[in-house]
Amino acid sequence: MTLMTPSLSFSEAVNASTSKIFQIHGRSRRSEFWWTHLLVYVLSFFLTPIVGFLLDLLTIPLAIRRLHDTGRSGWWWVVGALSKLSFFVLLFYDLCMAVVNADDIRGYADLFFAAMFIKYTALFVGIGIYQLVLLVFYCLDSEPFENYYGPSPKYQEEEEDETEVEEDDDN
């Protein structure tokens, strides 16, 4: 029989996530994930951008453990991060090439900018869709059983009493 444990309070969730701050193995519950992200975003709003960025970096293992809780690999998060990084690298590269080759593209400026607009709009939409898929994964309930990443932090197996089993056998 599977028993569901109650959701974590704000302090329990933050304590659970900070106790495993650098741990990517295992699983994290939805309440742990969302309460911690709420705290990080509120703190990021009031602190400097650098501190906010560092706090965001500290939530990476939490996001990976949350994906583990839904039965998905942490590579889902890595692919999303790499797609965002590649967007900015490509943008920087294209802007540098546009500046270096400014004389060569003068006659084709409209075509060049239209191609860049289409390229980056498609990348932006693709990344946005991928982020929505991740958001859905983060919102899904925990798998109620032990999976490849460990036992469920939300659902706990209740062991049957041996006396009850023996009584059932006698009948």
Under 4.5 Å side-chain linkage, directly or through intermediates, the cluster mates of Val99:
none
Residues forming a ring-ring contact (aromatic ring centres under 6.0 Å, His included) with Phe87, sequence neighbours excluded:
Tyr120
Keeping the roles fixed (side chain from Arg27, backbone from Gly71), state whether a donor-acceptor pair exists under 3.5 Å.
no
Is it true that Leu55 and Tyr138 fall in one hydrophobic cluster, defined by side-chain heavy atoms closer than 4.5 Å?
no
Decide whether Ser28 and Asp69 meet the rule of one side-chain donor and one side-chain acceptor closer than 3.5 Å.
no
Would a hydrophobic clustering, with Ile, Leu, Val, Met, Phe, Trp and Tyr connected at side-chain separations under 4.5 Å, put Met97 with Leu90?
no
Is the shortest side-chain N to carboxylate O distance from Arg30 to Asp141 below 4.0 Å?
yes
The criterion is side chain to side chain contact (heavy atoms under 4.5 Å, CB included); which residues satisfy it with Thr121, sequence neighbours excluded?
Phe117, Val125
Taking all heavy atoms of Gly74 and all of His68, pick out the closest pair and write down the distance.
N-NE2, 3.7 Å
How close do Thr36 and Ser17 get, heavy atom to heavy atom, and via which atoms?
OG1-OG, 2.8 Å
Leu57-Leu62 co-clustered via ILVMFWY side chain contacts under 4.5 Å
yes
Are Leu134 and Ile127 linked, directly or through intermediate hydrophobic residues, by side-chain heavy-atom contacts shorter than 4.5 Å (ILVMFWY only)?
no
Supply the atom-to-atom distance Leu54 CG to Ser44 OG, rounded to the nearest 0.5 angstrom.
9.5 Å
Give a yes or no on whether a salt bridge exists between Glu32 and Arg66, defined as a side-chain N under 4.0 angstrom from a carboxylate O.
no
Quick one: pull up OG in Ser86 and CG in Leu91 and give me the separation to the nearest 0.5 Å.
11.0 Å
Would you say Arg65's side chain and Gln23's backbone share a donor-acceptor pair under 3.5 angstrom?
yes
For the residue pair Ala13 and Ser31, what are the closest heavy atoms and their distance?
CB-O, 3.6 Å
List for me each residue that meets side-chain hydrogen bond (donor to acceptor under 3.5 Å, both in side chains) alongside Lys119, sequence neighbours excluded, and say none if there are none.
Asp94
Considering residues at least two apart in sequence or located in another chain, which fulfil the side chain to side chain contact (heavy atoms under 4.5 Å, CB included) criterion with Phe113?
Ala109
Taking salt bridge (Lys or Arg N to Asp or Glu O under 4.0 Å) as the cut-off, I'd like each qualifying pair that reaches into residues 76-91, sequence neighbours left out, listed once.
none
Heavy-atom count around Leu135 CG within 6.0 Å, excluding the residue itself: above 12?
yes
Can you list the other members of the hydrophobic cluster that holds Leu111, where links are side-chain heavy atoms under 4.5 angstrom apart?
none
I need the Ser142 OG to Asn147 CG distance, nearest 0.5 Å.
9.5 Å
Sorted by chain and number, sequence neighbours left out, ring-ring contact (aromatic ring centres under 6.0 Å, His included) with Tyr41 holds for His37
Can you name the side chain to side chain contact (heavy atoms under 4.5 Å, CB included) partners of Ile24, sequence neighbours left out?
Pro61, Ile64
To the nearest 0.5 Å, tell me how far Phe53 CZ sits from Asp56 CG.
8.0 Å
Output yes when a side-chain donor or acceptor of Ser73 lies under 3.5 Å from a complementary backbone atom of Trp75, and no otherwise.
yes
Atom CD1 of Ile21 and atom CG of Leu58: how far apart are they, to the nearest 0.5 Å?
4.5 Å
Using the test ring-ring contact (aromatic ring centres under 6.0 Å, His included), find all partners of Trp35 that sit at least two apart in sequence or belong to another chain.
Phe10
Val79: partners by side chain to side chain contact (heavy atoms under 4.5 Å, CB included), with sequence neighbours left out
Tyr130
Same apolar cluster: Ile60 and Phe33, side chain cutoff 4.5 Å
yes
Please give the remaining members of the hydrophobic cluster of Tyr148, linking ILVMFWY side chains under 4.5 Å, ordered by chain and number.
Tyr149
Separation between CD of Glu143 and OG of Ser152, rounded to the nearest 0.5 Å:
8.5 Å
